[in-house]
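Take a look at the structure below.
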Amino acid sequence: MTTITRQEPVEETIHRLETFCARMERRYECTSAFAVEAARTGYLKETAEVSKWLISYRTLAELMELSAGAGTSTPTTR
């Protein structure tokens, strides 16, 4: 099995992660930050879908922090 690695600009990755997190926030009717805390305390069950969401949210936060430090435009998110 061959793995294909796709490169994209950081801005595209940030946009893709923002879109995914926003969709999950609508589905679960809470912010991503609330979901992190809810999963930590056991209020929100960490299913595969929720885990993907929380990993995406953490990745988004890190990329936004790196982009802000590099002087790149800061995207909006909840």
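The model shown is predicted, which means the values in this text are computed figures rather than measured ones.
Here the CD-OG1 distance, from Glu37 to Thr41, works out to 5.5 Å after rounding to the nearest 0.5 Å. A distance of 7.0 Å separates CG in Leu63 from CG in Leu60, rounded to the nearest 0.5 Å. The OG1 atom of Thr59 lies 11.0 Å from the CD1 atom of Ile14; values are rounded to the nearest 0.5 Å. How far CZ of Arg6 is from CD of Glu12: 7.0 Å, rounded to the nearest 0.5 Å. A distance of 11.0 Å separates CZ of Arg26 from SG of Cys21, quoted to the nearest 0.5 Å. Atom CG of Leu44 is separated from atom OG1 of Thr47 by 7.0 Å, given to the nearest 0.5 angstrom.
Under the 4.5 Å side-chain criterion, counting only non-hydrogen atoms from C-beta, Phe34 is not in contact with Tyr28. Taking 4.5 Å as the limit, every side-chain heavy atom of Met24 sits out of range of all side-chain heavy atoms of Lys52.
There is no path of hydrophobic side-chain contacts, each under 4.5 Å, that joins Ile55 to Val36.
Defined by atom type and a distance below 3.5 Å, a donor-acceptor pair is missing between the side-chain atoms of Glu62 and Tyr57. Using modelled atom types, one finds no donor on one side chain facing an acceptor on the other under 3.5 Å when comparing Thr31 with Glu25.
Closest approach of Ser32 to Leu54, counting heavy atoms only: O-CD2, 4.4 Å.
Annotation: Glu65, atom CD; neighbour count of heavy atoms from other residues, nucleotides and ligands within 6.0 Å does not exceed 12.
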Chi angles and distances behind the side-chain contact (heavy atoms from CB on, under 4.5 Å) call for Val50, Lys45: CA-CA 8 Å; Val50 168; Lys45 184 176 179 182; over 6 Å; no
